[in-house]
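Notes to accompany the following structure.
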Amino acid sequence: MPISIRHLAIVVAVALPACGLSGCSSINEKLAAGITDAIPQWAGGLPADAPPRPGTAKYEEFMRERERKRLEPAAAKDQAGKSDASSLEPVH
């Protein structure tokens, strides 16, 4: 059974969009990480107080600061909280 031009055209017409769609998914995987950082918060992007992404220098700094705060004695944290609260109270 010889291959007709019609069958070849149908195979190409189905294979071309399939290859195009598979290429889009692999490209989007790589671009999504960089593009999402550029989307403003009002358009659904990350909020301003979101922690930095793992693997960056800012992330390492963020984790060191977080660990430092975690290891800080509870008394020092209470003192800082009381001094902030006392500054808000009116003086009689």
Side-chain angles (χ1 to χ4, degrees):
M1 183 167 145
I3 298 175
S4 69
I5 298 291
R6 182 173 181 220
H7 288 137
L8 186 61
I10 291 172
V11 168
V12 169
V14 170
L16 194 61
C19 291
L21 283 175
S22 67
C24 286
S25 66
S26 63
I27 289 172
N28 286 338
E29 175 187 345
K30 292 172 181 65
L31 292 178
I35 292 175
T36 55
D37 291 342
I39 298 173
Q41 183 181 359
W42 59 265
L46 289 174
D49 60 346
R53 294 193 183 275
T56 62
K58 287 184 179 183
Y59 179 76
E60 296 300 324
E61 181 182 332
F62 171 77
M63 292 306 288
R64 279 193 299 272
E65 180 66 20
R66 187 174 174 185
E67 184 67 15
R68 185 191 63 78
K69 286 181 180 178
R70 186 182 72 81
L71 295 174
E72 190 175 285
K77 291 179 187 176
D78 291 339
Q79 297 271 338
K82 287 181 182 178
S83 66
D84 292 341
S86 63
S87 66
L88 297 176
E89 294 178 14
V91 177
H92 296 285

If you look at every heavy atom in P52 and Y59, which pair is closest and at what distance?
O-CD1, 3.3 Å
Interatomic distance, E65 atom CD to R68 atom CZ [nearest 0.5 angstrom]:
4.0 Å
Look at K58 together with E61 and state whether they make a salt bridge at an N to O cut-off of under 4.0 Å.
no
